[in-house]
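What follows is a single structure, written as structure tokens, with notes after it.
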Amino acid sequence: MCGIIGYSGHRPAVPVVMEGLGRLEYRGYDSAGVAYVQRGQLIVLRAEGKLSNLARKLEETPSLTATSGMGHTRWATHGLPVERNAHPHQDQQGSVALVHNGIIENYQELREELEAQGVAFSSETDTEVLAQLLGRCLAETGSLDKALSMALGRVDGSYAVCVVSRDHPGVLYAARKSSPLVMGVGVGENFLASDIPAFLPYTRDVVFLEDGEMARIDANSWQVLDVATLAPVTKEIKHITWDVQAAQKGGYKHFMLKEIFEQPRVITDCLAGRVDRRTGRANLSELDGLAPPERLTILACGTSYHAGLWGMYLLESWARIPTRVEIASEYRYRDPIVGPGDTVLAISQSGETADTLAGMRLARERGATVIGLCNVVGSTVSRESDRVVYTQAGPEMSVASTKAMCSQLTLLTLLALHWGQQKGVLPAEATAHCVKTMESLPGILEAELPRMRSRAGELSRAYSDATSFLYLGRGQCFPLALEGALKLKEISYIHAEGYASGEMKHGPIALIDPKFPTFALAPRDELFPKVKSNLEEVRARGGKVIALTRAGSGLQADHEWECPEVWGPLSTFLLLPALQLFAYEMADYLGKDVDQPRNLAKSVTVE
Ligand code: F6R
């Protein structure tokens, strides 16, 4: 998830672009860059790290008089977060520069094709491949719109791109497919950006671009074209009334809500380039040359720990890898039996959690191979792991983790698939259904989320007097019960316990009374009959039950919450957002500080 902005108008462009990038920094912040044309030359300036580093570089650059230009703030997907991989990227001739948000899935084969034609690359990014391809197409067609249409016709994957060219200063082109792009329409100036806050101080009139559309702007005009045919498309200008803060939240009331609603996109991004739709094979090139683990230890904290617990079920049943999942803060202070031949998977959104780091350092010192599964590129976990697999969820702003867990579950599914396929032990059913189901999930989830939110709203109001909740689940729903309880605790401050349903009769059943509601995860899987009898035990003791289950499941619950199901364990991807939304709606209804709950920090860098 990166941020892009383009400007053409009557003001010096670079300050406008830099200001816009500042408002897009929430989309990524590992490097940044700008491009503009000055005295017939295409100038590209880039810097590693925060935007302030680029600002310092620009201070040393005299006479920034260009009145058009573009910029990018990066959240790395391909290649390390270093200057050579920062955007904008140029073609070899320096005739075009391009910024990109998204993932070009077939970049490897395009790169090989271009290298065979003598193109020399200066970065490891998928974006430079598109810049070089565009330069070639421009040389062939002589016109930027035709060249962009031709180049984009060759790429698979997702993109929002913005382009400036040396020979047409003042004109910018942009196009999108599955990545956001909006145009801001001003007086004597026009804008292109990933998100409205980038240009909100200058104009509130926007045109939302759709997939397959291309925009052309200069200072005094704008036009939208069909990317494939270049036929003009009629668009409507919308007037926005949000302030900058609201706009950064994309119109959502809180970052947490926005991030819950981003989960369909997160699944798509995590899968991009990592599965072969035709053969159903997982392709985790990050692990090339590494044999499947003999034994696996997963280390993590909090929500990431719950993701790890969930992953254990698939890693054992699909890949037949003996797996244990450890709370990092416990593991590091034991004298764990770990050494050469062991593999440790450290899961961390931030990549900076002190206990997870200490646990993985200990395992590494004793000779284990460490694989990092993390979201923040260049973080300590990623730097100190032998291999790293990035979850590509984009920056998570809300303290309560939501979309990061969704991305971790997606990657754990792919890991089980990958290792199960490598070992040749993957159940035939998983091979047949997994990739197909994963690919259908974003669409299903997108359609379901608004319905889920309104049901979560109704139920949270019905139970807002409760001071304690029991969350129950069996099998892979057990880690989800833990996560549901954690989410409710951390943002609504209502006490909640997650329990394995079967353990209830070994103690917690003593707590059940009419004031102590149970939130049950009850999908129609093979464990459903067992969950059903647990819930009957709760009801027999006067306990109220909310059951997240499939329509017509015949459960005796006070409140049934119908949740659609997909194949096998992957129904989790629909159950998880329901739990997140219930906690969210409860906290919001109770007037709590949803995005920054008391006593918590986003990244726990202390022991
Ligand atoms: C809960 C939450 C925390 C984190 C935990 C680990 O919503 O966000 O429990 O999951 O602090 O953080 P990472 O994944 O950054 O290591």
Side-chain angles (χ1 to χ4, degrees), residues 1-76 79 81-91 94-101 122-123 125 127-128 130-131 134-135 144 160-174 181 183-184 189-195 197-199 201-202 215 217-219:
M1 187 159 126
C2 306
I4 66 179
I5 175 165
Y7 173 79
S8 183
H10 51 82
R11 309 168 202 263
V14 175
V16 176
V17 165
M18 287 297 285
E19 189 191 348
L21 288 181
R23 277 195 224 92
L24 291 176
E25 225 181 351
Y26 76 93
R27 300 181 62 84
Y29 37 73
D30 64 45
S31 57
V34 294
Y36 52 94
V37 180
Q38 192 134 318
R39 291 186 207 96
Q41 270 229 319
L42 186 53
I43 315 279
V44 172
L45 275 169
R46 306 179 295 184
E48 186 178 326
K50 296 244 174 202
L51 202 52
S52 48
N53 297 351
L54 178 64
R56 268 193 295 279
K57 228 171 175 175
L58 285 165
E59 274 165 23
E60 292 152 21
T61 313
S63 67
L64 297 166
T65 52
T67 53
S68 67
M70 65 181 189
H72 186 270
T73 174
R74 180 168 187 248
W75 178 261
V82 292
E83 187 177 327
R84 70 172 180 285
N85 289 330
H87 301 210
H89 288 281
Q90 285 176 272
D91 68 328
S95 60
V96 283
L98 179 140
V99 289
H100 169 220
N101 168 32
S122 55
S123 78
T125 61
T127 304
E128 191 191 353
L130 185 53
L134 180 63
L144 201 49
V161 291
C162 186
V163 177
V164 295
S165 74
R166 183 189 54 209
D167 300 334
H168 300 93
V171 179
L172 275 85
Y173 277 90
L181 186 64
M183 182 161 65
E189 56 188 350
N190 290 307
F191 303 78
L192 292 156
S194 301
D195 205 351
F199 52 69
Y202 299 98
I217 62 164
D218 59 30

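Computed over heavy atoms, backbone and side chain alike; hydrogens, waters and symmetry mates excluded. These numbers were taken from a predicted model, which means no experiment stands behind them.
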Heavy-atom closest pair, residues [X] and [Y]:
X	Y	result
Cys2	Ser194	O-OG, 3.8 Å
Ala219	Gly9	CB-CA, 3.7 Å
Leu181	Val161	CD2-O, 4.4 Å
Ala97	Val44	CB-CG2, 4.2 Å
Gly6	Leu172	CA-CD2, 3.5 Å
Pro197	Pro201	O-CD, 4.0 Å

Would a 4.5 Å heavy-atom cut-off, applied to side chains only, mark [X] and [Y] as touching?
X	Y	answer
Met70	Ile4	no
Ser8	Asn190	no
Asn53	Glu48	no
Val17	Tyr36	no
Ser31	Arg46	no
His89	Leu98	no

field: Backbone of Ala86 reached by a side-chain donor or acceptor of Arg74 within 3.5 Å
entry: no
- request: Give a yes or no on whether the backbone of Val96 and the side-chain of Asp91 come within a donor-acceptor separation of less than 3.5 Å.
  value: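 Yes, because the side chain of Asp91 sits within donor-acceptor range (under 3.5 Å) of the backbone of Val96.
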How long is the gap from [atom1] on [X] to [atom2] on [Y], to the nearest 0.5 Å?
X	Y	atom1	atom2	answer
Leu192	Ile217	CG	CD1	4.0 Å
Cys162	Asn101	SG	CG	12.0 Å
Thr67	Gln38	OG1	CD	10.0 Å
Arg166	Ile43	CZ	CD1	11.5 Å
His168	Ser95	NE2	OG	11.0 Å
Thr73	Lys50	OG1	NZ	9.0 Å

- prompt: Taking 4.0 angstrom as the limit, do Glu19 and Arg11 come out as a salt bridge?
  reply: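 Looking at Glu19 and Arg11, the cut-off is not met.
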- request: Describe, in one word, how the ring planes of His87 and His72 are oriented to each other, choosing from parallel (under 30°), tilted (30 to 60°) and perpendicular (over 60°).
  value: parallel
- prompt: Out of Val163, Val164, Asp167, which residue meets the side-chain contact (heavy atoms from CB on, under 4.5 Å) rule with Leu144?
  reply: Val163
- request: Return yes if a side-chain donor-acceptor contact under 3.5 Å exists between Ser123 and Thr125, otherwise no.
  value: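 Yes.
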